[in-house]
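One structure coming up, written as structure tokens, with questions to follow.
Reminder, nothing fancy here: chain letters follow the sequence lines and each chain counts from 1.
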Number of protein chains: 2
Amino acid sequence: MKLENALLTNKFSSEAQKATLNILYTAWWLKSITSKELKDFDLTHEQYNVLRILKGKYPDELCVKDIARRMIEKSSNVPRIIDRLEIKKLVKRTVSESDKRETLITITKSGLSILESSTSKLNKVHASIQTITQKEAEQLNCLLEKLRATEV
Amino acid sequence: MKLENALLTNKFSSEAQKATLNILYTAWWLKSITSKELKDFDLTHEQYNVLRILKGKYPDELCVKDIARRMIEKSSNVPRIIDRLEIKKLVKRTVSESDKRETLITITKSGLSILESSTSKLNKVHASIQTITQKEAEQLNCLLEKLRATEV
DNA sequence: TTATTTTATATGTATATACACCTATTGATT
DNA sequence: AATCAATAGGTGTATATACATATAAAATAA
């Protein structure tokens with residue numbers, strides 16, 4: 001869908017400003033198409049993100065700060081997201097022996113299992129709405145990374 | 001910055017999946033570089049978004065539902081965002097005469113003034129980190145719209 | 001060693017998202 | 001007209017963002 005129709009406006013001050021709004025809107029769009037599927041597993045995007053990060057290092061543990069560094073949204077409050085996952089017994093907390101300030105997080109069998117089912121479901125959804133070619137995806141990745149060239 | 005460095009991983013199942021994460025991360029990045037500026041005006045991104053929408057139709061009023069339709073994030077709780085803006089006297093609520101279910105929202109002089117100053121500040125920030133050409137921005141817009149081709 | 005600074009995590013607060021549900025009003029149906 | 005359904009906006013709840021602050025442990029400096 002054209003951005004003009006998504007936002008009901010055509011007042012863009014430049015192509016670059018339109019691109020900014022287009023990225024923000026597309027990010028919302030991407031989240032919204034998968035949130036229903038995640039809800040079926042009683043997971044939020046952020047909880048799913050944490051589980052995915054933990055699986056990447058499994059069976060190694062990760063401390064809270066190392067999870068935070070890998071989050072898509074860096075301002076995520078990781079301890080609180082872990083609280084919810086811990087209640088559902090999808091992760092386990094232990095205090096690090098080598099540095100008692102650190103809390104080590106491990107994904108449980110149950111966490112791995114729910115991650116596998118939900119990932120499989122999300123992959124199907126993404127495959128079903130796939131409209132761009134691999135070449136176009138590469139191009140998109142290049143443009144986004146060029147956009148973020150300025151370090152802030 | 002490369003996405004690999006932003007998320008400290010290189011486990012992407014495809015270019016398309018990487019593009020998905022790249023869009024989500026870039027959206028967060030774009031918000032984060034302007035949130036400090038907005039904070040100086042005691043505005044959140046969503047409050048700014050509502051003011052911008054209202055200015056687009058000024059001096060006409062807009063009802064809550066018409067604002068919601070123009071929001072970047074369609075799941076925004078517009079009545080609550082308007083609550084905060086009303087407390088700060090940046091917008092005004094009136095009940096519609098023609099349909100008493102509707103609440104009409106108008107941006108105040110004070111709202112217009114704060115919108116102008118903050119927009120000017122945001123434009124400066126965006127200009128200072130501008131790294132892509134107009135042609136690249138156009139290309140980016142095309143790719144994002146192609147990505148969203150599937151109606152959901 | 002003691003004091004200071006830094007680091008890791010947790011907690012507090014305001015606002016937002018996401019979604020369910022309630023209430024009042026309008027429009028349609030019988 | 002009375003009933004029912006649809007619509008608009010407001011409210012409630014759980015979780016998240018964004019950011020400030022607190023607390024405990026570790027690293028460094030005095």
Side-chain angles (χ1 to χ4, degrees), chain A residues 24-25 27-51 61-69 71-88 90-91 93-105 152, chain B residues 24-25 27-51 61-69 71-88 90-91 93-105 152:
Chain A
L24 295 174
Y25 174 69
W28 172 82
W29 184 86
L30 284 168
K31 280 191 197 169
S32 71
I33 55 173
T34 47
S35 61
K36 195 201 145 295
E37 319 300 332
L38 286 174
K39 204 178 164 60
D40 291 345
F41 294 96
D42 191 28
L43 288 176
T44 64
H45 280 97
E46 296 67 28
Q47 290 172 13
Y48 177 80
N49 195 194
V50 168
L51 291 180
E61 309 168 296
L62 275 173
C63 69
V64 174
K65 142 184 76 62
D66 287 339
I67 295 174
R69 277 208 269 260
M71 292 295 282
I72 295 172
E73 317 215 342
K74 303 304 178 192
S75 44
S76 293
N77 196 327
V78 178
R80 220 108 59 169
I81 297 172
I82 291 167
D83 286 346
R84 327 291 183 198
L85 291 171
E86 200 180 25
I87 289 167
K88 291 185 278 194
L90 304 181
V91 304
R93 270 183 165 109
T94 52
V95 174
S96 166
E97 275 307 309
S98 60
D99 184 341
K100 285 176 182 158
R101 292 171 301 181
E102 287 186 344
T103 305
L104 299 175
I105 317 294
V152 190
Chain B
L24 294 175
Y25 174 69
W28 172 82
W29 184 86
L30 283 168
K31 280 191 200 172
S32 72
I33 53 172
T34 47
S35 61
K36 196 200 142 297
E37 319 301 332
L38 284 175
K39 206 180 162 62
D40 291 344
F41 294 95
D42 190 28
L43 288 177
T44 64
H45 280 97
E46 296 66 28
Q47 290 172 12
Y48 177 80
N49 195 195
V50 168
L51 291 182
E61 310 168 296
L62 275 173
C63 68
V64 173
K65 144 184 74 65
D66 287 339
I67 295 174
R69 276 208 272 259
M71 292 295 283
I72 295 172
E73 317 215 342
K74 303 303 178 192
S75 43
S76 294
N77 196 328
V78 178
R80 220 109 60 170
I81 297 173
I82 291 168
D83 286 347
R84 326 292 183 200
L85 291 172
E86 199 180 25
I87 289 167
K88 291 185 277 194
L90 305 180
V91 303
R93 270 184 166 110
T94 50
V95 174
S96 165
E97 276 305 308
S98 60
D99 184 342
K100 284 176 182 159
R101 291 171 304 183
E102 286 185 342
T103 306
L104 299 176
I105 318 295
V152 191

**OP:** Let me know the distance between CD1 of Ile72(B) and P of dT17(D), rounded to the nearest Å.
**Re:**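 That distance rounds to 18 Å.
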**OP:** Send over the distance from Ile87(A) CD1 to dA14(D) P, rounded to a whole Å.
**Re:**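 Atom CD1 in Ile87(A) sits about 12 Å away from atom P in dA14(D).
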Subject >> Between C1' of dA14(D) and CG of Asp83(A), the distance in whole Å >> reply: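 Going from Asp83(A) (CG) to dA14(D) (C1'), I get 13 Å.
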Subject >> Presence of Thr103(A) side-chain N/O under 4.0 Å of dA8(C) phosphate oxygens OP1/OP2 >> reply: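 Answer is no, no contact under 4.0 Å.
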Subject >> DNA chain C: 5'-proximal contact among Lys65(A) and Trp28(A) (nearest heavy atom) >> reply: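 The residue whose closest nucleotide sits nearer the 5' end is Lys65(A).
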Subject >> Thr44(B) side chain near dT15(C) phosphate (N/O to OP1/OP2, under 4.0 Å) >> reply: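 So the side-chain polar atoms of Thr44(B) never come under 4.0 Å of the phosphate oxygens OP1 or OP2 of dT15(C).
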Original post:
With distance as the sole test, does Lys74(A) use its side chain to make a donor-acceptor pair with the main-chain N or O of Arg69(A) at under 3.5 Å?
Top reply: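 Checked: pair present.
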Subject >> Residue closer to the 5' end of DNA chain D, Val64(B) versus Lys74(A) (nearest nucleotide) >> reply: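 It is Val64(B) whose nearest nucleotide is closer to the 5' end.
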Subject >> Separation of Ile82(B) CD1 from Asn77(B) CG (nearest 0.5 Å) >> reply: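 These two atoms lie 9.5 Å from each other.
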Subject >> Atom pair CD1/CG of Ile105(B) and Leu51(B) - distance to nearest 0.5 Å >> reply: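 Spacing of CD1 (Ile105(B)) from CG (Leu51(B)) equals 11.5 Å.
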Subject >> Heavy-atom pair of closest approach, residues Arg93(A) and Pro79(A) >> reply: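 It is NH2-O, 3.0 Å.
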Subject >> Arg80(B) side, atom CZ; Glu46(B) side, atom CD - distance, nearest 0.5 Å >> reply: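 Interatomic distance, Arg80(B) CZ to Glu46(B) CD, rounded to 0.5 Å: 13.5 Å.
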**OP:** Take nucleotides 19-28 of chain D nucleotide by nucleotide from the 5' end and write B, S or -, depending on whether a protein heavy atom sits under 4.0 Å from the base, only from the sugar-phosphate, or from neither.
**Re:** B-----BS--
**OP:** Between dT17(D), dT9(C), dA8(D), spot the one nearest the side chain of Glu102(B), thanks.
**Re:**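 Selected nucleotide (nearest to the side chain): dA8(D).
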Original post:
Starting at the 5' end of DNA chain C, which residue's closest nucleotide do you reach first, Ile82(A) or Lys31(A)?
Top reply: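 It is Ile82(A) whose nearest nucleotide is closer to the 5' end.
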Subject >> Those residues that, when tested against Tyr25(A), pass ring pair (Phe, Tyr, Trp, His ring centres under 6.0 Å) (two or more places apart) >> reply: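 Partners of Tyr25(A) by the ring pair (Phe, Tyr, Trp, His ring centres under 6.0 Å) criterion, ordered by chain and then number, come out as Trp28(A).
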**OP:** Report the nucleotide, chosen from dG9(D), dT17(D), dT15(D), that has the shortest atom-to-atom distance to any side-chain atom of Pro79(B).
**Re:**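 Among dG9(D), dT17(D), dT15(D), the one nearest the side chain of Pro79(B) is dG9(D).
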**OP:** Write down the distance between CG (Leu38(A)) and P (dC19(C)), rounded to a whole number of angstrom.
**Re:**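 So the CG-P distance, Leu38(A) to dC19(C), works out to 10 Å.
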**OP:** Compare side-chain N and O positions of Arg93(A) against OP1 and OP2 of dT9(C) and report whether any pair is under 4.0 Å apart.
**Re:**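 So the side-chain polar atoms of Arg93(A) never come under 4.0 Å of the phosphate oxygens OP1 or OP2 of dT9(C).
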Original post:
In whole angstroms, how far is the C1' atom of dA14(D) from the CG atom of Leu43(A)?
Top reply: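 For the pair Leu43(A) CG and dA14(D) C1', the rounded distance is 14 Å.
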Subject >> Under-4.0 Å side-chain N/O to phosphate OP1/OP2 contact, Ser76(B) with dT17(C) >> reply: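 Yes.
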Original post:
Rounded to whole angstrom units, what separation is found between the CD atom of Glu86(B) and the C1' atom of dT15(C)?
Top reply: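 Going from CD in Glu86(B) over to C1' in dT15(C) covers 17 Å.
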**OP:** Count the heavy atoms of every other residue, nucleotide or ligand shown that sit under 6.0 Å from NZ of Lys88(B), and state whether that count exceeds 12.
**Re:**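 Yes, the 6.0 Å shell around NZ holds more than 12 heavy atoms from other groups.
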**OP:** Calculate the interatomic distance between Met71(A) atom CE and dT17(D) atom P; express it in whole Å.
**Re:**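 The distance from CE of Met71(A) to P of dT17(D) comes to 6 Å, rounded to the nearest Å.
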Subject >> Integer-rounded Å distance: dT11(D) P and Arg84(B) CZ >> reply: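 Rounded to the whole Å, the gap is 11 Å.
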